[in-house]
Amino acid sequence: MKLRDAPSACPSLWRWLPCPPAELRLDLVLSSGQSFRWWESSPGAWTGVLGGRVWTLRQDGDRLWYTVYGEEEEHREERDECPAKAAKLSAAETDGILRDYFQLDVGLSPLYHAWGAADPLFRKVANDFPGVRVLRQDPVECLFSFICTSNNHISRITAMIERLCQAFGRCLCCLDSRPFHAFPSLSALTGPPPPRSAPVIVPWPRLHPLSASAVPLPGADAEARLRALGFGYRAKFVSGSARAIAEGLGSEGLCQLRTVPYAEARRVLCALPGVGAKVADCVCLLSLDKAEAVPVDTHVWHIARQRYGVALGGKSLTPRAYQEIGDFFRGLWGPRAGWAQAVLFCADLRKGQKPASSQHQA
DNA sequence: TCCGACCCTGCTCA
DNA sequence: ATGAGCAGGGTCG
């Protein structure tokens, strides 16, 4: 199958939702470290896996355009390349998946206004970064992705998760000969390795050298395979958490943390290996509907002290300091403090980069 | 309560 | 130009 850039080439394969840039900026949201599975396949077009299907998204004015691969009536002979082809989705269903993922029912403009009224610093930054909203991700994908973020940076996290999906997730389809894999299921991360005739080696730019050289060892357990994929000490955390969830609440139970209070969800998550306060808060905010969760990393800690003058004792980010910083921002921004923090975080990530308008110049 | 170790990468500074 | 040194979006013991 071929990648699709824009609706103009084949309009019948695209749909759109009304969505002004003030409510969503695809480029800011999909590249700011909330999810690590979106790729700018051509300028302004974002391709990635969502809900077990491959999508390309694009914004044009007040429209959010999308296309889903593998939903066409013809080309059924390509089923051989896509053994995991699922039932066709209706337009209402795909619309719904996107609305849910981007939480489009949450109006962002009033929130920006309120945060700006309460916080002059926010107002200053937010002018240049409209449309930054929090995604509503799958809890399993979110948890295991953020276990990989410790002591790490976005480019490496992205490469690691790509390798994780290639090694443990099922192939959904190939676009311009690039394979796209689903995020691994819990059982894929716990159980014995599936018999694989040959390792998947992907000829594509920006792939980590390890993906070609250190392929998973057939017969090795999940942790060893993850180590071979360059996960380092996180291999133990990923396999350990997968096992703990599989033997405990299950992926459904993880999902049901959406309905319990923030503190309870956080407590359950922190009991998992490789999950501390920061990772737990990321999972709470980005997949469990806890809009008040404020993940505090060293970066946010720095901002809190330098720009907001939060006075805290020690030189290191102790659990107590962590709690106080979160409480400070919740007091400042209110019940969706995590959403406001995402805006500042995105702005800080882009500080020093070229403005978006000149991104694609030489 | 406070470190140091942990895997690995990319940056800085001789 | 090249390599040692070190911090980086944390967690655990």
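It should be emphasised that the depicted structure is a prediction, and the values quoted were computed from it without experimental measurement. Below, read A as the first sequence line, B as the second, and so on, with proteins coming before strands; counting in each chain starts at 1.
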Please measure how far the P atom in B:dC2 lies from the corresponding atom in C:dG9, and state the result in whole Å.
22 Å

Please write out each protein N/O paired with an N/O of nucleotides 4-8 of chain C under 3.5 Å, distance rounded to 0.1 Å.
unit_1	atom_1	unit_2	atom_2	d
C:dG8	N7	A:Asn151	OD1	3.3

For A:Phe328, give me all partners under ring-ring contact (aromatic ring centres under 6.0 Å, His included), at least two apart in sequence or on another chain.
A:Tyr308

Under a 3.5 Å cut-off on both pairing distances, which runs of 3 or more consecutive Watson-Crick or G-U pairs involve DNA chain B?
B:3-6 with C:10-13, B:8-14 with C:2-8

Return the set of residues passing side chain to side chain contact (heavy atoms under 4.5 Å, CB included) with A:Val49 (not counting sequence neighbours), or none when no residue passes.
A:Arg37, A:Val54, A:Leu172, A:Phe180

If you look only at pairs with a residue in residues 114-126 of chain A, which of them pass as a salt bridge (Lys or Arg N to Asp or Glu O under 4.0 Å), with sequence neighbours excluded?
none

Keeping to residues at least two apart or across chains, list the side-chain hydrogen bond (donor to acceptor under 3.5 Å, both in side chains) pairs with something in residues 140-149 of chain A.
none

Between A:Gln166 and A:Glu162, do the side chains contain an N or O donor and an N or O acceptor separated by less than 3.5 Å?
yes

Taking 4.0 Å as the cut-off, does a side-chain nitrogen or oxygen of A:Arg227 come that near to OP1 or OP2 on B:dC7?
yes

Per the under-4.0 Å heavy-atom filter, residues of residues 328-337 of chain A near DNA chain C come out as none

A:Arg234 side chain, from C-beta outward: closest of C:dT11, C:dG9, B:dC7:
B:dC7

Of the candidates C:dC12, C:dG9, B:dC2, the side chain of A:Thr318 sits closest to B:dC2

Partners meeting side-chain hydrogen bond (donor to acceptor under 3.5 Å, both in side chains) with A:Glu223 (sequence neighbours left out)
none

Separation between the P atoms of B:dA5 and C:dG5, rounded to whole Å:
15 Å

Who passes side chain to side chain contact (heavy atoms under 4.5 Å, CB included) against A:Val106, sequence neighbours left out?
A:Gln103, A:Leu111, A:Arg133, A:Arg336, A:Trp339

Which residues end up grouped with A:Phe102 if you chain together Ile, Leu, Val, Met, Phe, Trp and Tyr wherever their side-chain heavy atoms are less than 4.5 Å apart?
A:Leu17, A:Leu24, A:Leu26, A:Val29, A:Leu30, A:Trp38, A:Trp46, A:Leu50, A:Trp55, A:Leu57, A:Leu64, A:Tyr66, A:Val68, A:Leu89, A:Ile97, A:Leu98, A:Tyr101, A:Leu104, A:Leu135

So salt bridge (Lys or Arg N to Asp or Glu O under 4.0 Å) across residues 56-67 of chain A, not counting sequence neighbours, yields none

Which pairs with one or both residues in residues 269-280 of chain A pass side-chain hydrogen bond (donor to acceptor under 3.5 Å, both in side chains), sequence neighbours excluded?
none

